[in-house]
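We name chains A, B, ... by the order of the sequence lines, and we start the count at 1 in each one.
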Number of protein chains: 2
Amino acid sequence: MITLTEENYIKTIYQLGRYGTLTVSTNSIAEVLETKASSVTDMVKKLAEKGYANYKRYQGVSLTSKGKKIAADVVRKHRLWEVFLVEKLNFTWDEVHDIAEQLEHIKSEKLINELDKLLDYPTHDPHGDPIPDKFGDIKKTDKILLFNLSESSTGVCVGVKDTSSSFLKYLDKHQIALGSKILVVSREDFDDSMVIEINGSVKMSISQTVANNLFVKEEANT
Amino acid sequence: MITLTEENYIKTIYQLGRYGTLTVSTNSIAEVLETKASSVTDMVKKLAEKGYANYKRYQGVSLTSKGKKIAADVVRKHRLWEVFLVEKLNFTWDEVHDIAEQLEHIKSEKLINELDKLLDYPTHDPHGDPIPDKFGDIKKTDKILLFNLSESSTGVCVGVKDTSSSFLKYLDKHQIALGSKILVVSREDFDDSMVIEINGSVKMSISQTVANNLFVKEEANT
DNA sequence: ATACAAATTTAGATTAATCTAAAAATAGTT
DNA sequence: AACTATTTTTAGATTAATCTAAATTTGTAT
Ligand SMILES: [Mn+2]
Ligand SMILES: [Mn+2]
Ligand SMILES: [Mn+2]
Ligand SMILES: [Mn+2]
């Protein structure tokens, strides 16, 4: 039996450690979960005892394969529910995260498999993040940050790094959505801002911050 | 802020007290929630402090209007989710209750209103229980137990009292569903069993237990 | 090699929810 | 009215998850 709190810690270790590949520090977990480092220490000890994590004092934590499976399951549920909220219940992409934080802990294998079927087996959530399959495997794409796209190159917007409501609403306002085609018209060395053209029509200037939070898939150069 | 546990106690008080009309005993709550009476005493004190319940030592508990609203909301969510599971995710009526026990605690007004819309504003859950509207009001029907239907009277099955999986599967097996027309062919004084005819065709004998757990709406006598 | 700052862990306390065992109140019966 | 069985409450302890403050370890810089 695993508690909701344990699931949240495991998920955080998974995501901070790049889908379970790296070792993660106590402080970084505390920051994400908005708890104190001492609480994290207690919890990772428990996770290690239960076989979900590898932990040596002062050396950080990583997930066991058992822990990775739990984490992938929770992330799968989170992202499938987000798709459901957008596709079936008229939510916008900036409204779904907090509700998915609750729904990701509902326990029923049939529920999640039927939801997957209802949504026609989506591979990505509304923010472009990949949905692990029922074995916990993730199809990883070769997306890069818009910031790393060179002048006069083109990319298709495939995801966001910052999923905060304010950033998502900014994108909505400027008609940038997943699937939008983005051409880097020019770059400004002075402040690292860039001028982009969206879907071959609207031109606008974006800050470094924006460019560093938008994932694109680079298009083959003509 | 209200906890999941508090919600479950409030819901139990609501249901034991006939949708909040009666005062409820400590022991009866303990029995439903499978806890000890001493735990119930502690919790009802807390509920009273928080303004959800009226409580005087040794005199039982009832809900305040604030408590009733919470309870109706939780019951509304529980029953809407049950409809969702059956209508959209291919669950059978004997599979939905435990999952709805989890889903009923998800907090989002928009979520539940959109779910209501998606399901086309259902008035009853898959077991025939009424779904409170968003104001907490319940449309109550004049259903009676099949056991109280007299010989040669006819009723339409509109609900079940026992919602256990074993009873629901028994009904499935014998083709009794919500909407089935049931004629009381004869009654046996000896063991209170009765012979019924379902939808004008199949005849079968049912025990007192079955008759006491099926709600019907009596049809006007010809 | 030492000193220091940052990260991490330990010790001890708190809160929510639960339990057992004992005490108190209530209700039914003579 | 007194006795008794049942119900309910109190007292004290436990577990999960958290916190603060103090102690320890690590890593970096002189
Ligand atoms: Mn999310
Ligand atoms: Mn979560
Ligand atoms: Mn139910
Ligand atoms: Mn519940």
Asks: Salt-bridged, A:K36 to A:E31, with N to O below 4.0 Å?
Replies: no
Asks: Whole-Å distance between D:dT18 P and A:E34 CD?
Replies: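 Atom-to-atom, A:E34 to D:dT18, this comes out as 12 Å.
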Asks: I want to check one thing: is the phosphate of C:dT8, taken as OP1 and OP2, less than 4.0 Å away from some side-chain N or O of A:N27?
Replies: yes
Asks: Nucleotides 14-16 of chain D: which of its N/O atoms have a protein N/O under 3.5 Å away?
Replies:
none

Asks: Under 30°, 30 to 60°, or over 60°: which ring-plane class applies to B:Y170 and B:H174, parallel, tilted or perpendicular?
Replies: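 Rings of B:Y170 and B:H174: tilted, 30 to 60°.
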Asks: Could you measure the distance from the CG atom of A:L171 to the CD1 atom of A:I206? Nearest 0.5 Å is fine.
Replies: 9.0 Å
Asks: Using a cut-off of strictly less than 4.0 Å between a heavy atom of the residue and any atom of DNA chain D, enumerate the qualifying residues of residues 8-16 of chain B by number.
Replies: none
Asks: Considering only side-chain heavy atoms of A:T35, which listed nucleotide, D:dT9, D:dT8, D:dC19, is closest?
Replies: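 From the listed options, D:dC19 comes nearest.
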Asks: Got a sec, which pairs hit ring-ring contact (aromatic ring centres under 6.0 Å, His included) with one end in residues 20-74 of chain B, sequence neighbours left out?
Replies: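 Residue pairs with at least one partner in residues 20-74 of chain B: there are none.
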Asks: For the side chain of B:R187 and the backbone of B:F147, is there at least one donor-acceptor N/O pair under 3.5 Å apart?
Replies: yes
Asks: Applying ring-ring contact (aromatic ring centres under 6.0 Å, His included) as the test, list every pair that has at least one member in residues 2-39 of chain A; sequence neighbours left out.
Replies: A:Y14-A:Y19
Asks: Using atom NZ of B:K56 as one end and atom C1' of D:dT7 as the other, report the distance to the nearest whole Å.
Replies: 18 Å
Asks: Generate the contact string for nucleotides 20-25 of chain C. Rules: B means base contact, S means sugar-phosphate contact only, - means no protein heavy atom under 4.0 Å.
Replies: B---BS
Asks: With a 3.5 Å cut-off and sequence neighbours excluded, list the donor-acceptor pairs that the side chains of residues 132-145 of chain A form with protein atoms.
Replies:
unit_1: A:D133; atom_1: OD1; unit_2: A:F135; atom_2: N; d: 2.8
unit_1: A:D133; atom_1: OD1; unit_2: A:G136; atom_2: N; d: 3.0
unit_1: A:D133; atom_1: OD1; unit_2: A:D137; atom_2: N; d: 2.9

Asks: Regarding A:E114 and A:K117, does a basic nitrogen lie under 4.0 Å from an acidic carboxylate oxygen?
Replies: yes
Asks: Ion pair present between A:K11 and A:E104, side-chain N to carboxylate O less than 4.0 angstrom?
Replies: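 Salt bridge between A:K11 and A:E104, a charged N being under 4.0 Å from a carboxylate O: yes.
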Asks: With a 4.0 Å cut-off on N to O distance, would you call B:D73 and B:K77 a salt bridge?
Replies: no
